[in-house]
Number of protein chains: 2
Amino acid sequence: MSTHTHPSSAESLITAQGGRITRTRVAVLEILLAADQSLTHDEIGLALAEQGIKHDRVTLYRTLDWLVESGVAHKMAGDDRARRFGVAASGPHEHAHFHCDRCGKVVCLEGLQPAVAVNLPGGYQLDRAELVLHGACPTCGKGA
Amino acid sequence: MSTHTHPSSAESLITAQGGRITRTRVAVLEILLAADQSLTHDEIGLALAEQGIKHDRVTLYRTLDWLVESGVAHKMAGDDRARRFGVAASGPHEHAHFHCDRCGKVVCLEGLQPAVAVNLPGGYQLDRAELVLHGACPTCGKGA
DNA sequence: GGCGCAAATGCTACTATGTTGCAAAACCAC
DNA sequence: GTGGTTTTGCAACATAGTAGCATTTGCGCC
């Protein structure tokens with residue numbers, strides 16, 4: 001297979017960050033790109049396994065860390081103690097998240113950063129704001 | 001010591017929630033009330049130890065959980081995987097938090113919930129919003 | 001194509017945070 | 001004080017994440 005089957009934007013994203021193209025890295029990034037929600041380390045590991053991609057827990061942690069450091073992905077702490085990962089939006093991670101309190105799903109809401117023109121008590125230097133909305137997602141909301 | 005040395009609002013808060021007055025519970029609540037920032041389970045445990053109050057790791061977890069359930073305290077996940085606790089403001093936990101990216105300190109910003117009148121993509125039912133501001137706190141900001 | 005080197009992986013073992021079950025102790029009403 | 005329920009303390013377990021190191025792999029270079 002000398003001709004690359006699909007032109008995968010994942011690979012170009014990786015090389016753009018000065019990283020090497022590896023099975024795990026490409027697969028993880030493609031999973032994140034395809035996902036419409038933030039995934040836990042565990043969920044990504046499961047997806048990898050389903051694709052028959054052999055991997056190690058530690059490797060996955062390091063791969064995800066690398067993606068975050070490179071600015072390709074972003075990391076966020078949820079209510080449970082598991083971190084969730086998603087591909088970063090165009091700009092810096094300046095977007096809101098919606099956390100469904102019923103199914104625990106977390107989706108990224110792009111282009112939704114509101115006016116966080118709050119009056120900080122002085123002395124505080126604002127760098128970035130993180131907004132997490134809690135409630136029910138469309139799927140869970142219907143059931144009620 | 002039949003006369004209570006200090007009239008502790010902690011005790012009244014506890015009884016108001018239908019809980020029993022115990023060493024640990026009162027001490028933990030007083031620590032939280034006195035703190036100007038959110039504390040981790042570990043920090044609280046350390047403070048208890050300094051006061052010579054014997055306690056168990058598990059007891060502390062349960063005490064904190066009880067406080068959160070009773071609405072007296074609130075729980076929040078930080079960047080590290082440790083949960084932080086603080087006394088809840090007057091209303092429900094409708095207030096913002098400031099996370100100092102240098103010292104890791106988390107303070108509650110009361111009366112600061114901004115207009116989160118974001119336009120949700122439809123289907124989403126908003127319950128509450130959690131706003132976390134990142135940057136440098138007054139102490140760390142000066143150093144730079 | 002083969003060579004060498006640095007980056008990335010995989011393994012084992014370890015730390016940290018949080019949870020569960022149960023018996024003993026403490027709290028509070030009487 | 002006594003009784004009954006809540007709370008504690010202990011031990012063992014569960015889950016999330018980290019560290020060190022030998023091996024493998026991607027990739028530039030010849």
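Here is how names work: the chains are called A, B, and so on, in the same order as the sequence lines, proteins then strands, and each is numbered from 1.
- Using a 4.0 Å cut-off, some side-chain N or O of B/Arg25 falls inside it from OP1 or OP2 of D/dT7.
- Comparing D/dC10, C/dG18, D/dG17 by their nearest atom to the side chain of B/Tyr61 picks out C/dG18.
- In terms of polar N and O atoms assigned as donor or acceptor, the side chain of B/Arg81 never comes within less than 3.5 Å of the base of C/dT17 in a complementary pairing.
- Rounded to 10°, the angle separating the first-five-pair axis and the last-five-pair axis of the helix from C/dG1-D/dC30 to C/dC30-D/dG1 equals 40°.
- OP1 or OP2 of D/dG17 sits under 4.0 Å from a side-chain N or O of A/Arg83.
- Here A/Arg62 lies in heavy-atom contact (under 4.0 Å) with a base.
- Residues A/Cys100 and A/Cys137 approach most closely at SG-N, 3.5 Å, considering heavy atoms.
- Atom CH2 of B/Trp66 is separated from atom C1' of D/dT8 by 15 Å (rounded to the nearest Å).
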Please step through side-chain hydrogen bond (donor to acceptor under 3.5 Å, both in side chains) for the pair B/His134 and A/Asp127, ending with a clear verdict. CA-CA 5 Å; B/His134 289 258; A/Asp127 181 27; over 6 Å; no
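- Atoms CD (B/Glu69) and P (D/dT7) sit 11 Å apart, rounded to a whole Å.
- Residue A/Thr40 is classed as having no contact, given no heavy-atom separation below 4.0 Å to the nucleic acid.
- Rounded to an integer number of Å, the gap from CG of B/Asp56 to P of C/dA25 is 15 Å.
- Annotation: A/His74 is in aromatic contact with A/His97 [ring centroid separation under 6.0 Å].
- Spacing between atom CG of B/Asp42 and atom P of C/dT15 amounts to 15 Å, rounded to whole angstrom units.
- Look at A/Thr59 and you'll find a side-chain N or O under 4.0 angstrom from OP1 or OP2 of C/dG10.
- Two residues are said to be in side-chain contact when any heavy atoms from C-beta on lie closer than 4.5 Å; A/His41 and A/Arg57 meet this criterion.
- Going from atom CG of A/Asp65 over to atom P of C/dA7 covers 17 Å, rounded to whole Å.
- The interatomic distance linking A/His55 (NE2) with C/dT9 (C1') rounds to 12 Å, in whole Å.
- Counting distance only, with no hydrogens placed and no angle test, the side-chain atoms of B/Arg57 and the base atoms of C/dG18 include a donor-acceptor pair under 3.5 Å.
- Contact between the side-chain N/O atoms of B/Thr63 and the OP1/OP2 oxygens of D/dT7 is not found at any separation under 4.0 Å.
- Side-chain contact between B/Val106 and B/Gln37 is absent, with no heavy atoms from C-beta onward closer than 4.5 Å.
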Could you run down the sub-3.5 Å N/O contacts of the protein with nucleotides 27-29 of chain D?
unit_1 : atom_1 : unit_2  : atom_2 : d
D/dC27 : OP1    : A/Ile21 : N      : 2.8

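- When distances run from any side-chain atom of B/Thr24 to the nucleotides C/dT17, D/dA11, D/dG9, the shortest one goes to D/dG9.
- In this structure, CG of B/Asp80 is placed 14 Å from C1' of D/dT18, rounded to the nearest angstrom.
- Under the 4.5 Å side-chain heavy-atom criterion for grouping Ile, Leu, Val, Met, Phe, Trp and Tyr, A/Tyr61 is not connected to A/Val68 through any hydrophobic cluster.
- When every heavy atom of B/Ala10 is checked against every heavy atom of B/Val26, the shortest pair comes out as CB-O, 4.1 Å.
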Please report the C-alpha distance between B/Trp66 and B/Ile14 in whole Å, then the side-chain angles of each, then the deciding distance to 0.1 Å, and finally whether the side chain to side chain contact (heavy atoms under 4.5 Å, CB included) criterion is met. CA-CA 10 Å; B/Trp66 181 83; B/Ile14 292 169; 3.9 Å; yes
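- B/Thr40 OG1 to B/Phe85 CZ: the interatomic distance, rounded to the nearest 0.5 Å, is 9.0 Å.
- The minimum heavy-atom distance linking A/His99 with A/Gly104 is given by the pair CE1-O, 4.1 Å.
- As a whole-Å value, the separation of A/Phe85 CZ from D/dG17 P is 7 Å.
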